[in-house]
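For the numbers below, each heavy atom of this structure counts, side chains included, while hydrogens, waters and symmetry mates do not.
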Amino acid sequence: MASVRSKVLSVYKQLHRARLVAFQGDDFALRFARNKIREEFEKHKFVTDEQEILKLVEHGKNVREVLVTNLAQFKNVAENRVKLRIRSENLIDVQGCYKK
């Protein structure tokens, strides 16, 4: 079983990889997400209880899942028109129905 420290580092890296996928091409969102991830890890760096740390790791995994599967990017292409970028990982298809 991996150590708690390696689990924390793993979820940290997973979150950063997920932000690169979720916010591809959006420099503002990429910077904001990078700073938010760092801020949340810094906020909890003094937690010492192993069970609490494992809860935080699980929360990080859930956030990663949301970033990868639930976010889609919209881009303004003209007045009153947007382009939707849906990735294969998204849980919705083009018609807006949830994938099973």
Just to verify, what does Glu58 make a side-chain hydrogen bond (donor to acceptor under 3.5 Å, both in side chains) with, not counting sequence neighbours? none
Calculate, to the nearest 0.5 Å, the distance between atoms [atom1] and [atom2] belonging to [X] and [Y] respectively.
X     : Y     : atom1 : atom2 : value
Ser10 : Leu15 : OG    : CG    : 9.5 Å
Leu9  : Lys7  : CG    : NZ    : 12.5 Å
Ile37 : Lys13 : CD1   : NZ    : 14.0 Å
Asp26 : Gln73 : CG    : CD    : 6.0 Å
Phe74 : Lys83 : CZ    : NZ    : 13.0 Å

Val82 side chain near Val77 side chain, heavy-atom distance below 4.5 Å: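 Heavy-atom side-chain distance check fails, nothing below 4.5 Å.
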Do Leu30 and Arg19 come within less than 4.5 Å of each other through their side chains, counting heavy atoms only?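 Contact flag for Leu30/Arg19 side chains = yes.
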Under the salt bridge (charged side-chain N to carboxylate O under 4.0 Å, His left out) test, which residues partner Glu39, sequence neighbours left out? Lys36
Do Leu20 and Val63 share a hydrophobic cluster (ILVMFWY, side-chain heavy atoms under 4.5 Å, transitive)? yes
Is there a path of hydrophobic side-chain contacts, each under 4.5 Å between heavy atoms, that joins Phe23 and Phe32? no
Could you give the side-chain donor-acceptor pairs of residues 43-50 under 3.5 Å, partners two or more places apart or in another chain?
unit_1	atom_1	unit_2	atom_2	d
Lys43	NZ	Glu40	OE1	3.3
Lys43	NZ	Glu40	OE2	3.4
His44	ND1	Glu40	O	2.9
Lys45	NZ	Glu42	OE1	3.1
Asp49	OD2	Glu52	N	3.1

How would you list all residue pairs meeting ring pair (Phe, Tyr, Trp, His ring centres under 6.0 Å) that involve residues 3-22, not counting sequence neighbours? Tyr12-His16, Tyr12-Phe41
Quick one: which residue pairs count as a salt bridge (Lys or Arg N to Asp or Glu O under 4.0 Å) with a foot in residues 59-70, not counting sequence neighbours? none
Tightest non-hydrogen contact, residues Val57 and Val11, listed as O-CG2, 3.8 Å
Tell me, please, which residues at least two apart from Val21 pass side-chain contact (heavy atoms from CB on, under 4.5 Å). Arg87
